[in-house]
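Every chain is numbered from 1, with letters handed out A, B, ... down the list of sequences. Not measured: the values here are computed from a predicted model.
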2 protein chains.
Amino acid sequence: MASDDLENASRPLTLRDVSEASGVSEMTVSRVLRNRGDVSAATREKVLEAARALGYVPNKIAGALASQRVNLVAVIVPSLQNLVFPEVLAGISEVLDQTHFQPVYGVTNYKPEREEKVLYEMLSWRPSGVIIAGLEHSDASRAMLKSAGIPIVEIMDTDGEPIDSVVGISHRRAGREMAQAIVKQGYRKIGFLGTKMPLDHRARKRFEGFTQALAKEGIEIHDREFYEGGSALLKGREMTETILKRSPDLEFLYYSNDMIAAGGLLYCLDNDIDVPGRVGLAGFNGVELLEGLPVKLATMDACRAEIGREAARIIARRASGEEGGGEKVVLTPTIDLGATLKR
Amino acid sequence: MASDDLENASRPLTLRDVSEASGVSEMTVSRVLRNRGDVSAATREKVLEAARALGYVPNKIAGALASQRVNLVAVIVPSLQNLVFPEVLAGISEVLDQTHFQPVYGVTNYKPEREEKVLYEMLSWRPSGVIIAGLEHSDASRAMLKSAGIPIVEIMDTDGEPIDSVVGISHRRAGREMAQAIVKQGYRKIGFLGTKMPLDHRARKRFEGFTQALAKEGIEIHDREFYEGGSALLKGREMTETILKRSPDLEFLYYSNDMIAAGGLLYCLDNDIDVPGRVGLAGFNGVELLEGLPVKLATMDACRAEIGREAARIIARRASGEEGGGEKVVLTPTIDLGATLKR
DNA sequence: CTGAAAGCGCTAACAC
DNA sequence: GTGTTAGCGCTTTCAG
């Protein structure tokens with residue numbers, strides 16, 4: 001008893017401990033614990049009993065080294081503080097939970113050099129696959145991904161050259177479609193509010209698609225405003241005030257995400273600015289938060305959970321040995337005009 | 001060249017490959033790659049050059065097995081969709097990034113049986129420490145944590161019996177203090193709105209502390225309303241409408257989190273209910289979101305980032321071999337009366 | 001400063 | 001159904 005406790009504290013238990021406690025060979029213990037091969041019900045019970053009694057937790061490090069198999073899927077996202085990514089992760093777990101694969105999350109804070117480091121660390125554990133946000137990576141990161149010899153799925157964005165598979169939406173197209181919807185409603189003097197974009201390629205692409213579609217209609221962005229860091233809701237408020245004071249003739253404001261758009265909406269409501277009469281508003285993402293706002297904000301669903309699920313499905317298939325590679329899944333975001341984008 | 005590429009694709013590179021490419025023994029290559037021991041500048045260069053050229057990524061599985069050392073810290077939280085936890089995780093990385101430790105995140109979805117599974121999976125990779133949210137765990141989970149032989153830090157909550165170390169705030173006390181502040185402002189008919197609590201022990205403890213402090217003043221909760229799932233902002237709206245219609249004489253509403261409180265606030269503003277004159281409001285957490293609201297909501301800071309940092313510091317110290325164990329860090333949340341809790 | 005030998009805890013492959 | 005043997009890719013230890 002006492003000696004058991006001491007041993008417990010000093011040294012992690014091994015298969016051998018279970019083997020000795022149960023009087024069954026290590027190999028058979030291993031088989032029981034992994035449900036592999038045929039083991040008689042009697043010995044099976046003996047082993048399970050011993051393992052439970054000792055509180056044995058298998059050492060996956062040794063197991064992985066011996067079997068050359070790791071059930072980990074590396075999932076790399078820029079941030080967890082932007083609700084979008086937790087939603088994608090939820091989609092991923094939803095699917096992987098049905099398999100023997102396990103997601104492991106890494107966060108890059110939107111920094112390529114951090115992405116490189118996180119990727120390196122994760123790859124050094126030899127995961128069965130990688131799901132990584134975005135198509136833009138440093139050369140070193142791309143090289144690592146290419147030579148890893150495991151399925152890679154880049155997610156969120158489909159505008160660019162994938163390394164292997166890709167699941168997402170076209171942000172250029174999302175920007176274009178929003179521009180078309182806005183113009184169709186008769187708005188002409190249009191402003192853009194968003195993050196400083198070197199960081200955020202998807203926001204940049206939406207902006208590019210947006211301006212491009214406007215150009216086709218002979219319209220130029222009337223004014224723009226960018227922010228960095230801080231509370232998005234508050235920034236949305238402040239930027240809206242700034243831009244409307246600077247360009248009082250603006251008829252429409254397109255925000256690069258829903259949170260700042262919500263801030264803008266609250267600003268307008270507070271200041272009795274008629275929405276969408278005096279000024280129309282639209283955001284991007286379709287975050288759940290919007291449902292509680294006083295006025296339904298126009299937005300575009302980014303298919304976050306579905307992106308996660310689909311990426312996980314691809315990984316699960318390929319990592320289980322199915323042939324494949326280079327799949328491209330382009331989801332179509334649906335536009336929601338809400339009550340802030342119609343005249 | 002061609003054969004390099006083929007090999008690359010078929011089999012992950014090993015130390016031996018680098019050794020052969022550089023003409024240096026495996027052992028010395030290993031030393032160079034880990035910056036251990038003295039190696040001459042010349043051979044060091046040769047090795048690094050070869051490793052880079054090949055694109056060698058070390059196999060941590062083998063390394064961990066051989067060295068019996070793993071630089072992973074398991075971090076287990078109930079959810080990533082509740083902004084609170086990403087903020088804690090950010091605090092954790094902030095500190096661990098300065099060390100050689102790496103956080104690995106697991107999510108339980110508030111389910112004890114999932115916690116058990118996640119914990120088991122993570123422990124089987126033999127991490128150097130565990131940071132886990134809450135003090136309530138299944139017997140099996142507690143047993144695993146106790147016998148893991150590594151530092152354990154339970155976070156967020158200090159009301160209960162920790163397994164090893166604990167960093168957090170007292171939610172009972174948080175509830176008590178909010179009750180006292182409310183009563184002090186002269187409010188008497190007080191309602192509570194929150195999550196269905198079997199899931200959320202911390203919300204329950206706040207509620208207990210809250211009612212207990214009110215009882216001391218001879219006050220009983222006037223009405224209450226609970227929700228489950230869905231958009232918190234919207235739920236806040238709906239519950240506020242429900243409770244105010246049912247109990248029109250309510251003078252104050254205490255919400256178990258800021259998101260539903262914000263929904264309540266927006267509901268009141270929309271319906272020209274004077275806040276805090278007609279009815280006062282308070283939430284819990286001090287989420288960044290609040291800064292963008294039209295009226296500053298009363299809340300209490302839960303010290304999220306600091307909890308993460310402190311937990312990480314404890315793990316880093318202990319996992320680096322320093323003696324210790326059983327530390328208890330109780331942070332003190334500061335109450336912010338905002339503009340919704342004063343008459 | 002560098003190398004050779006042994007072994008981390010487990011599982012694949014094969015014998016019995 | 002069960003046991004034995006070898007070895008996964010690295011690091012520890014010890015010898016030079």
Side-chain angles (χ1 to χ4, degrees), chain A residues 7 10-48 50-51 54 56-71 100 121 123-128 148-149 321, chain B residues 7 10-48 50-51 54 56-72 100 121 123-128 148-149:
Chain A
E7 283 193 1
S10 62
R11 171 179 66 70
L13 294 161
T14 69
L15 258 188
R16 166 175 236 120
D17 295 310
V18 181
S19 164
E20 284 170 2
S22 61
V24 178
S25 80
E26 281 187 50
M27 197 53 232
T28 301
V29 171
S30 168
R31 283 198 266 258
V32 171
L33 264 21
R34 288 178 300 142
N35 285 315
R36 282 284 155 67
D38 295 316
V39 179
S40 75
T43 46
R44 153 174 244 85
E45 262 323 304
K46 259 195 298 188
V47 169
L48 287 176
L54 294 174
Y56 172 70
V57 177
N59 185 333
K60 288 221 182 194
I61 297 173
L65 184 62
S67 69
Q68 304 282 62
R69 251 190 291 283
V70 177
N71 69 338
H100 68 281
E121 288 289 322
L123 287 180
S124 69
W125 287 99
R126 301 286 187 263
S128 290
Chain B
E7 283 192 4
S10 62
R11 171 179 66 72
L13 295 162
T14 69
L15 215 42
R16 168 177 234 116
D17 295 310
V18 181
S19 164
E20 285 171 2
S22 62
V24 178
S25 79
E26 281 188 49
M27 197 50 236
T28 301
V29 170
S30 169
R31 281 199 267 258
V32 170
L33 263 22
R34 288 177 300 141
N35 286 315
R36 282 282 155 68
D38 295 315
V39 180
S40 74
T43 45
R44 156 175 241 84
E45 263 322 302
K46 258 195 297 189
V47 169
L48 287 175
L54 294 174
Y56 172 70
V57 177
N59 185 333
K60 287 221 182 195
I61 298 173
L65 184 62
S67 68
Q68 304 282 69
R69 252 190 291 282
V70 178
N71 69 337
L72 266 22
H100 68 282
E121 288 290 322
L123 287 181
S124 69
W125 287 100
R126 302 285 188 265
S128 291

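Between R69(A) and dA12(C) there is a side-chain polar atom (N or O) within less than 4.0 angstrom of OP1 or OP2. The phosphate of dT11(D) has OP1 or OP2 within less than 4.0 Å of a side-chain N or O from S30(B). Considering only side-chain N and O atoms, S40(B) lies under 4.0 angstrom from the phosphate OP1 or OP2 of dT2(C). Dashed line: the shortest gap from a side-chain N or O of T28(A) to OP1 or OP2 of dG1(D) is not under 4.0 Å. Listed pair S67(B) / dT11(D) fails the phosphate criterion, with no side-chain N or O lying under 4.0 Å from OP1 or OP2. Note on R34(B): a side-chain N or O is less than 4.0 Å away from OP1 or OP2 of dT11(D). In this model, the phosphate group of dG9(C) is approached by a side-chain N or O of Q68(B) to a distance below 4.0 Å at OP1 or OP2.
If you measure from atom NZ of K46(B) to atom C1' of dG3(C), you get 14 Å, rounded to the nearest angstrom. Rounded to whole Å, the distance from CG on L13(B) to C1' on dC10(D) is 15 Å. One can place CZ of R36(B) at 17 Å from P of dC14(D), the figure rounded to the nearest angstrom. In this structure, CG of L65(A) is placed 6 Å from C1' of dG9(D), rounded to the nearest angstrom. With rounding to whole Å, I61(B) atom CD1 is found 23 Å from dG7(C) atom P. Following rounding to the nearest Å, E26(B) (CD) and dG7(C) (P) show an atom-to-atom distance of 17 Å. The distance from atom OH of Y56(A) to atom C1' of dG9(C) is 8 Å, rounded to the nearest whole Å. For the pair R16(A) CZ and dG7(C) P, the interatomic distance rounds to 12 Å; values are reported in whole Å.
In this structure, N59(A) reaches the sugar-phosphate backbone alone: every heavy-atom distance under 4.0 Å involves primed, P, OP1 or OP2 atoms, never a base. Counting non-hydrogen atoms under 4.0 angstrom, R31(A) reaches a base of the nucleic acid.
Checking dC8(D), dG3(D), dT12(D) against the side-chain heavy atoms of A66(A) singles out dC8(D) as nearest. Of the candidate nucleotides dT2(C), dG1(D), dT12(D), dG1(D) has the atom lying nearest to any side-chain atom of D38(A).
The backbone N or O of L15(A) sits nowhere less than 3.5 Å from a side-chain atom of S19(A) that would complete a donor-acceptor pair. Between the side chain of S124(A) and the backbone N or O of V57(B), no donor-acceptor pair lies under 3.5 Å.
Between T14(B) and Y56(B) the shortest heavy-atom distance is C-CE1, 3.5 Å. Between L54(B) and L13(B), the shortest heavy-atom distance links the atoms O-CD1, 3.2 Å. Residues V70(A) and A64(A) share a closest heavy-atom pair of CG2-CB, 3.8 Å.
Residues S22(B) and V29(B) form a side-chain contact, since some pair of their non-hydrogen atoms from C-beta on lies under 4.5 Å apart.
Ranked by how close their nearest DNA chain D nucleotide is to the 5' end, L15(B) and V39(A) are led by V39(A).
Residue side chain R44(A) does not reach the base of dG1(D) through any donor-acceptor N/O pair under 3.5 Å, judged by distance alone.
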